[in-house]
Amino acid sequence: MPELPEVETIARGLAKRVTGDLVESVWLGQKPEPLKSPAAEIAATLEQSRIATVRRVGKHIVFDLERSAGRVGRTLLSAKGKQTKPARPGSRVKRSLDSSTMHAEADKSVRPTHAVPTNAQWIVHLGMTGSLRICESRDEVLKHTHAILKLASGRELRFIDPRRFGRLSVAKAGDFDAGGYEPLEVELDRFTALFRGRKTPIKSALLNQKLLRGVGNIYADESLFRAGIRPRRRASSISHEQLQKLFLSVKEVLREAIALGGSSVSDYVDADGEEGFFQLEHRVYGREGEPCLVCKSPVKRIVIAGRSSHYCPKCQK
DNA sequence: ACTATTTCCTGGATGC
DNA sequence: TGCATCCAGGAAATAG
């Protein structure tokens, strides 16, 4: 179940291996659930785009795409002869409406094959069981494969997701907004303000992606344990001092988990097929009935908002 | 404006 | 051994 540290690990691994590669063609499966944008739009955006960067935003993986208008223009010209309206899909995307006409006119007359980045994005959410794998084209196409990107390097980037909780979408650059603050970047006063006046359990607030983006069930439980706060405590009832502790705990847990490549539970592996090791550092998650590592009390498991929540009844108040 | 609950989905674990 | 049932959970939708 990829949360922030797993997604960060995956994005870093993908960045190493596909940055600069060109998407030559795209195959999308028939199951509609994983597609948040129309299939034709996803394919059209990806095809003939260069992957400029791969990065994590919350639990999303964002591929920043660039398209060389020169390449497209040249292809069209050679195939169809001189066109009065050269197709340059890149020119319109970034510029404002006011200036686009002028620029288009100028570009057309002076440099019809000038490269203009289109600045689109491919956004992948892995859900519970989604994975992105770099394959050779001869590799067996696994069951539950929903998308295959053929790359100019000869490899394929495949999206596989048995449970289909994952989502694929495309957006123009700058249009994608995951909401919430990045937990590793947020400042203390903004962090504490998130919980002011909220009657919901602190655990639920931590899982709310509109407040903080990227914290999931494992890291919420682990952060609350380190901060000594019970998951059912109402967010508004937590003292400033305790929130300060939670602020530090969240960052500490996430940083340690990223350093260890995330937590490998439910067969999570990163882009290189490597397991993470933070599951060995879990102090409460998945340890129901086992002794607290600090006080030896049995770890309790309760359900909050349908999520299992683990805590030490003695260490957490 | 919030908050709580339900729904989606399948593989693996459990129970009889 | 086989078959049914339950469970995992992120986020969107729905209800209050």
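Chain identifiers are assigned alphabetically (A, B, ...) following the order of the sequence lines, protein sequences preceding nucleic acid strands; residue numbering begins at 1 within each chain.
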Exercise. Per the side chain to side chain contact (heavy atoms under 4.5 Å, CB included) rule, which among Phe63(A), Trp122(A), Phe159(A) passes with Leu149(A)?
Worked result: Trp122(A)
For this session: Using only side-chain N and O atoms of Tyr285(A), determine if any of them is under 4.0 Å from OP1 or OP2 of dG9(C).
Result: yes
Exercise. How long is the line joining CD of Glu288(A) and P of dC7(C), in whole Å?
Worked result: 12 Å
For this session: Go through the side-chain N and O atoms of Arg233(A) and Gln316(A) and say whether any donor and acceptor fall under 3.5 Å apart.
Result: no
Problem set entry | N/O (side chain, Arg164(A)) to phosphate O (OP1/OP2, dT10(B)) under 4.0 Å | yes
Problem set entry | Rounded interatomic separation in angstrom, taking CG from Leu142(A) and C1' from dG11(B) | 15 Å
Close N/O contacts between protein and nucleotides 10-12 of chain C (under 3.5 Å):
residue	atom	partner	partner atom	Å
dG10(C)	O3'	His125(A)	NE2	3.4
dG10(C)	N7	Arg307(A)	NH2	2.5
dG10(C)	O6	Arg307(A)	NH2	3.4
dA11(C)	OP1	His125(A)	NE2	2.6
dA11(C)	OP2	Lys59(A)	NZ	3.2
dA11(C)	OP2	Gln209(A)	NE2	3.4
dA11(C)	N6	Arg307(A)	NH2	3.1

Exercise. With a 4.5 Å heavy-atom cut-off, do Arg158(A) and Leu132(A) have their side chains touching?
Worked result: no
Seminar exercise, completed: One would report the end-axis bend of the helix from dC2(B)-dG16(C) to dC16(B)-dG2(C), five pairs per end and rounded to 10 degrees, as 50°
Seminar exercise, completed: Using a 4.5 Å side-chain heavy-atom cut-off and chaining through intermediate ILVMFWY residues, the residues clustered with Val141(A) come out as Trp27(A), Ile148(A)
Problem set entry | Minimum-distance nucleotide to Pro201(A) side chain [options: dA4(B), dA8(C), dG11(B)] | dA4(B)
Exercise. In chain order, what residues pass the ring-ring contact (aromatic ring centres under 6.0 Å, His included) check against Phe225(A), with sequence neighbours excluded?
Worked result: none
Problem set entry | Short side-chain N/O contact from Lys143(A) to OP1 or OP2 of dG11(B), under 4.0 Å | yes
Problem set entry | side chain to side chain donor-acceptor pair (under 3.5 Å) contacts touching residues 293-313 of chain A (sequence neighbours left out) | Lys203(A)-Ser309(A), Asp221(A)-His310(A), Glu288(A)-Arg301(A)
Exercise. For Ser204(A) and dA4(B), is the shortest distance between a side-chain N/O and OP1 or OP2 below 4.0 Å?
Worked result: no
Exercise. So what does Arg196(A) hit on the nucleic acid, given a heavy-atom distance under 4.0 Å: a base, only sugar-phosphate, or nothing?
Worked result: nothing
For this session: Check ring-ring contact (aromatic ring centres under 6.0 Å, His included) between Phe195(A) and all other residues, then give those that pass, not counting sequence neighbours.
Result: Phe191(A)
For this session: Would you classify Ser308(A) as touching base, sugar-phosphate or nothing, given that sugar-phosphate means primed atoms plus P, OP1 and OP2, and contacts are heavy atoms under 4.0 Å?
Result: sugar-phosphate
Problem set entry | Geometric class of the His146(A)/His144(A) ring pair [parallel <30°, tilted 30-60°, perpendicular >60°] | tilted
For this session: Please determine, for the side chain of Arg198(A), which listed nucleotide (dT5(B), dA4(B), dC2(B)) has the closest atom?
Result: dC2(B)
